[in-house]
Amino acid sequence: MKLLSVKEIAGLEADGRQVTVKGWVRTKRAVKSAVFLEVNDGSRLSNLQCVFESPEGEMAEELAKAGTGASVAVEGILIPSPAAGQRFEVRASSCRVIGEAPADSYPLQKKAHSMEFLREIAHLRPRTNTFGAVARVRNRMAFAIHEFLQAKGFNYIHTPLITASDAEGAGAMFQVTTLDLDRLAKSGGSVDYSKDFFGKPAYLTVSGQLNVETYCQALSRVYTFGPTFRAENSNTSRHLSEFWMIEPEVAFAELSDNMELAEDFLKHLVRTALCDCAEDLAFFDERIQSGLIESLKAVLDKPFAHMTYTEAMAILEQSASAFEVKPYWGLDLQSEHEKFLCEKIAGGPLFLTDYPKEIKSFYMKQNADGKTVRAMDLLVPRFGEIIGGSEREERLDLLEKRILELGLNLDAYGWYLDLRRFGTTPHSGFGLGFERLMLYVTGMANIRDVIPFPRAPRLADF
RNA sequence: UCCCCUGUAGCUCAGCUGGCAGAGCAAGUGGCUGUUAACCACUGGGUCCCUGGUUCGAACCCGGGCGGGGGAGCCA
């Protein structure tokens, strides 16, 4: 008999047909005349209830071993359930315990656990309702990202994870080396990077943007989707040292095109989650964040709000007394300001544009006012920035000038500047933090709980 | 990196002014005519994070260290 998943079995007619189910026991409940086994194989949130009527002999012995966490194979017939709680169930004729999970040492119990505790057992937490649901939604969102961009003719470009260009300028980097650090430390001498693997210092990438821009200037519509690394000593519920980022880049696109793409993109992802992950989202709505589904649906209903930095600052200054940090033009927006703007003023996602050039990256296109750049951040309620992007500076002279103003090394950007020397075009792109999307869609509170194995300062277990 | 909170049974926590270590859940045993976060009864279960100090006496007070959480900054 072909093995069907619980999800596949759930799609069958409960007409007494023979089925086999293999999975892990979530709970076992016994009454005098029957044993109820809830089996889950991760194919969906709901368990499959398997009923053993008056088990005796070998079957009773097997069931005794089938505690929470044990892997089992159950055979029986699929029938409509006579009791409330589930539409169908398996009337089991046999149970085989494949791998026991001794109750006195198996960490997961048939009760709720704290997120903090589950983080300590990251190898077992996917067996919980919450982390199973997170994994399924994460999978669906990853696929939806490709679906959306591919349908729009974007090419998926694999940008490097190791970079020796030292020109990305988006934060502290992890160094990659094969030098013998212990021996170097003992010798007390200086480091000779010509002896290192790449013949010069190398790092893990903090962004694929600069690399993907090169392919943008040939294939027009491109994106990267991969891991990025930041060695910042950030200890928050919104930052990881290793996280995944989607970075589309579009040739001949201006900032307004960029925002239109970002809005369509985010709405597509939210719509897909609501549609294809309904059971998991209902769980998040009930157990993790009340009102989640309603707020996601509301996102689809209306266009995102838009505001320039200068407009936003004027609004913030009117409510200056509400803030710890007093707002003034030129200040980089604080978390409290971002939350105020999208929660109190916009009541949903909010695009902020045209930031002062001093608080944004060198590659962003300078406005005619000489003060601001064509940057855009998409802020969302609950945690602020989910997308950061800009129209890029395509004018060689202005880009070179900005690099020098910031004290950066012009030579390091040689290949990047070539894109402006040869057939330059206006172009725009943005970065969407995948785990921040996951926080947004699932309502989970901590970014460490929406990635299987979180990496953060002093956290690299498993 | 900074600020605040926190560390007690497998888990979640209580433990008052320093005076014999507690509860709920989980587990085990028994009961229960279909349970579904099952229910009822009973039972077992402790390096009170580590370390130094104060004290007749420390889970409790003080110093140091380590871990966890929340917030801030950096950002996606």
Side-chain angles (χ1 to χ4, degrees), chain A residues 26-39 46-54 64 67-69 79 81-86 89 91 101-121 128-129 168-172 206-209 227-247 262 286-287 323-325 332-339 359-361 377-380 383-389 430-440 445-451 456-459 461:
Chain A
R26 283 293 174 81
T27 73
K28 178 172 66 176
R29 293 180 294 270
V31 294
K32 194 170 190 181
S33 65
V35 173
F36 299 85
L37 222 53
E38 297 272 352
V39 179
S46 303
N47 306 317
L48 180 58
Q49 174 165 279
C50 301
V51 187
F52 299 79
E53 287 172 348
S54 304
T68 301
I79 58 167
S81 180
Q86 58 283 314
E89 65 187 26
R91 178 178 290 160
D104 56 2
S105 54
Y106 185 59
L108 291 172
Q109 304 168 356
K110 55 177 191 179
K111 54 169 281 191
H113 291 290
S114 68
M115 295 294 166
E116 292 79 18
F117 172 67
L118 293 171
R119 253 168 244 155
E120 293 169 7
I121 49 169
T128 64
N129 286 334
E168 290 167 351
V206 296
S207 162
Q209 183 200 315
T228 51
F229 308 87
R230 305 267 168 104
E232 305 285 354
N233 190 9
S234 297
N235 294 289
T236 82
S237 55
R238 306 182 306 283
H239 293 85
L240 289 166
S241 306
E242 176 182 300
F243 66 99
W244 288 63
M245 189 154 60
I246 304 99
E247 295 175 283
E286 189 187 327
R287 297 293 180 91
F323 303 115
E324 300 253 326
V325 177
D332 203 356
L333 294 180
Q334 308 291 296
S335 281
E336 55 176 341
H337 302 146
E338 295 184 345
K339 282 180 189 162
I359 57 175
K360 287 292 179 184
S361 298
D377 284 359
L378 180 63
L379 310 180
V380 295
F383 58 84
E385 185 175 349
I386 191 170
I387 284 175
F430 60 83
L432 167 63
F434 188 45
E435 284 74 23
R436 294 213 175 150
L437 170 75
M438 285 295 298
L439 289 179
Y440 191 57
N446 194 312
I447 202 163
R448 297 176 186 199
D449 298 328
V450 295
I451 187 169
R458 296 181 308 280
L459 181 65
D461 302 326

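Computed from a predicted model, the values in this text were never measured in an experiment.
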(request) Give a yes/no on whether any side-chain N or O of A:R119 is located under 4.0 angstrom from OP1 or OP2 of B:G69. (result) yes
(message) On RNA chain B, compare the nucleotides closest to A:A83 and A:S234; which residue's is nearer the 5' end?
(response) A:A83
(message) Let's test your reading of the model: under 3.5 Å, does the base of B:C75 pair with the side chain of A:R436 as donor and acceptor?
(response) yes
(request) Tell me whether the OP1 or OP2 atom of B:A27 has a side-chain N or O from A:Q109 closer than 4.0 Å. (result) no
(request) Please check the phosphate of B:G71 (OP1 and OP2 only) for any side-chain N or O of A:S237 closer than 4.0 Å. (result) yes
(request) Could you work out the separation of B:G73 and B:C16 based on their P atoms and round it to a whole Å? (result) 37 Å
(message) Between the side chains of A:E38 and A:R29, is the shortest nitrogen-to-carboxylate-oxygen separation below 4.0 Å, so that they form an ion pair?
(response) yes
(request) Please work out if A:E242 contacts a base, only the sugar-phosphate, or nothing of the nucleic acid, heavy-atom cut-off 4.0 Å. (result) nothing
(request) Could you check if a side-chain atom of A:P82 sits within less than 4.5 angstrom of a side-chain atom of A:E89, using non-hydrogen atoms only? (result) yes
(message) How many whole angstroms separate atom CZ of A:F323 from atom C1' of B:G71?
(response) 17 Å
(message) Counting the atoms with a prime plus P, OP1 and OP2 as sugar-phosphate, which does A:T228 contact under 4.0 Å by heavy atoms, base, sugar-phosphate, or nothing?
(response) nothing
(message) Restricting to non-hydrogen atoms, name the atom on A:L439 and the atom on A:S237 that form the minimum distance, rounded to 0.1 Å.
(response) CD1-O, 4.1 Å
(request) Figure out the NE2/P separation between A:H239 and B:G73, and round it to whole Å. (result) 9 Å
